Amino acid sequence: MEVHSSFIQSRQVTPENPNSKLPIFPSHTQFFKQTAAHQPFDIIPLKTNTFAWNALLQSHINAGHPHLAVLAYRDMLVAGVLPDRHSLPRALAASRLTSVFFTGKQLHSHVLKLRLLRDSYVLSALMELYSQFSGVDSASSLLFHSNPQNPIAYTILARLYLMENNPDSALHVFYQLAASGVKLDPMAVATAAKACGQMKSTRDGKKIHDLAKESKLDCDVLVANSLLKMYVECGRTEEILALFDLMPHKDAVSWTTIINSNVQNGSFNEGLKLFRAMVVDGIKPDEFSVSAVLPACARMAARKHGMEIHGFIIRQNIEMNCAVQNALIDMYAKSGSINNASKVFDRMTERDTVSWTVMILGYSLHDHGDLGVALFLEIENNAGTEPDGAAYSAALHACGTSCIVDQGEKFFKLIWLKHSEPEHCILMARILARAGRFVNVRAFLKEHYMEQDLDALRAVLDGCRIHSNRRIGRQMAEQLIELNPLNAENYVLLSNIHAANGNCRKAKEVREMMVDMGLKPKKACSWIEFRCKIHAFGTGDVSHPRSERIYWELKRLMERMKEEGYVSMEDFSLHDVEEERECTPFGHSEMLAIAFGLISTQSNTVIRVTKNMRVCRNCHESAKMISRISEREIMLRDPDRFHRFVDGSCSCQDIW
DNA sequence: CTAGGGTTAG
């Protein structure tokens, strides 16, 4: 076939093939000189066989070699073939991808000479080109000077505005399209919905929704998915559910969007349920779906659910891309299996910044700040990965966990020079406070104008708790109340400090102040996974079916502990003040969950309990002793970290 | 033979 052989021949004209008998074009400069003079157009005979050339241009672009496409376009001219409306969009795209505006401008002149500007493909390519090199507004004038009769160029322009974070203009473009009388299509509506989402404007979003209904496009799965996402971004729970229920055809994207919406809003269980409902509904979850549901397992420390999903991914042959593996690492680390997390990490063939970040944070959560720091230093040995702000945050967190002050200061200086956020200052304050350097930490906060920051003050207060510095602790708690008088936790903290100082009168006053203001502290709660169900306990909870047996077990344990010399101690990390007094010493939710674990699970397994608040000193001491008495490993996860109790001691070495 | 859209991890 003649066409075919010319394709093969022209393919040989590449810099990689120096032995080719065909001429080779050594540099772009020569090309520019010749085309700049438009000589080819004066000398070439009119040939119309463009098909093979266009296919060649396309294949170079698809292969990620736009510079070869530019060279091939040049060969095409030399071979006497006149470019057509199929060649120029490809050549324009190639020049845009090689980031050489000059080539693009040359091609623009070809467009004009060949009178191709009325072709909408050519116009789109020119718009993309000019948008990249001289701003979206130049693309806009191109569009409005040629008035094409299809919605695609409008959609492209709207997307270009969205890329510049200008959703207002994007929406304006869409309305001009709607007003022009050209028929709307799904992609145009989807782009408009995205603009509304970016603006977080439900009002505009509903307008788009109505417009979609008028054009009978609201049942289109693409349009519906984009509207769904728009309502998610606007935080409109009712609209999300209403739309989702009404959708006649739901695909994996629809389900993923709604799962993600629940998980982001903290409805982790609901997210898991939806994932199962999706499978039951016959829609196969893809890599996006599992990446959306795994964080729910991570946040609930639902290790078994997470492992089940890991198995599901393998069985269903879901693509194990970077995002999925990152989500798995995070899930394993956050649900207590740091070994599984590092197994996944080690087996990854390609890692991105997130992979390193979640792994470092995982080590930090498990008291291995040293491993986290070592891992961070390893990133530099991996070409192509540059640590970002979040990676530095993880490294600083690791330094705080293991009190590695010097290295932490080095990291902080590095990120401070690049681009620092308040978060990094708070983490630096955490490092200093946990190391007991109270003079340094206050000077640091003053230097960085962070003395009024709630999280920074809480970090200092944590240090005070660890080092029993009640004087500064009291100041911090008082300042917290002053800055945030509506947060009940702050009153609890101050009241507990007064109590720890032996000042019961003041402790009572603070509690009463809190009650008078109608503030209620968060309820403590602990849970444990058993037989695929989550068993949750509140403080002094007696609602569990096996309650009697649980309390009996706790009583037995307390007696054993007293024999071994256990004494309860003063603590200023208590929480739920009113309930505390009724149920101490062993009614705390984590104790109930641990006791339930002891009586329900096999003796060789780890007891894994999760708590929504920090564990108090008494329970921490008790858990240590229980691990020895009952010869069981106990993992206790709180919002900040893991405690691993083995044979009478804890992985945190009593610093938490 | 060509252009535009919706979902993911810290």
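Please read these numbers as outputs of a predicted model, since none were measured by experiment. By convention in this document, chain letters (A, B, ...) are assigned in the order of the sequence lines, proteins followed by strands, and residues within each chain are numbered from 1.
Classification of the H209(A)-Y231(A) ring pair by plane angle, with boundaries at 30° and 60°, yields tilted.
Residue contacts shown for N150(A) include a base, since a base heavy atom lies under 4.0 Å away. Nucleic acid contact for V358(A): sugar-phosphate only, since backbone atoms but no base atoms lie under 4.0 Å from a heavy atom of the residue. Nucleic acid contact for T357(A): base, since at least one base atom lies under 4.0 Å from a heavy atom of the residue. Counting non-hydrogen atoms under 4.0 angstrom, Q264(A) reaches the backbone sugars and phosphates but no base. Using a 4.0 Å heavy-atom cutoff across all strands shown, L222(A) reaches at least one base atom of the nucleic acid. Backbone-only contact: L361(A) has heavy atoms under 4.0 Å from sugar-phosphate atoms and none from a base. At the heavy-atom level, P295(A) lies under 4.0 Å from the strands shown only through sugar-phosphate atoms. Residue-level contact check: A391(A) touches the bases, meaning some heavy atom is under 4.0 Å from a base atom. Heavy atoms of S120(A) sit under 4.0 angstrom from at least one base atom. Here R90(A) lies in heavy-atom contact (under 4.0 Å) with a base. Nucleic acid contact for D330(A): sugar-phosphate only, since backbone atoms but no base atoms lie under 4.0 Å from a heavy atom of the residue.
Protein chain A touches strand DNA chain B; the 5'-most and 3'-most nucleotides with an atom under 4.0 angstrom of its non-hydrogen atoms are dC1(B) to dG10(B).
A salt bridge links R159(A) with E128(A): at least one charged nitrogen is closer than 4.0 Å to a carboxylate oxygen. Using a cutoff of 4.0 Å between basic side-chain nitrogens and carboxylate oxygens, K194(A) and E233(A) are not scored as salt-bridged. Look at R430(A) and E423(A) and you find no salt bridge, because none of the NZ, NE, NH1 or NH2 atoms lies under 4.0 Å from a carboxylate O.
The backbone N or O of H86(A) lies less than 3.5 Å from a partner atom in the side chain of R90(A), making a donor-acceptor pair.
Applying the side-chain contact (heavy atoms from CB on, under 4.5 Å) test to S146(A) and every residue at least two apart in sequence or in another chain returns L123(A), P148(A). In this structure H368(A) satisfies the ring-ring contact (aromatic ring centres under 6.0 Å, His included) test with no other residue, sequence neighbours excluded.
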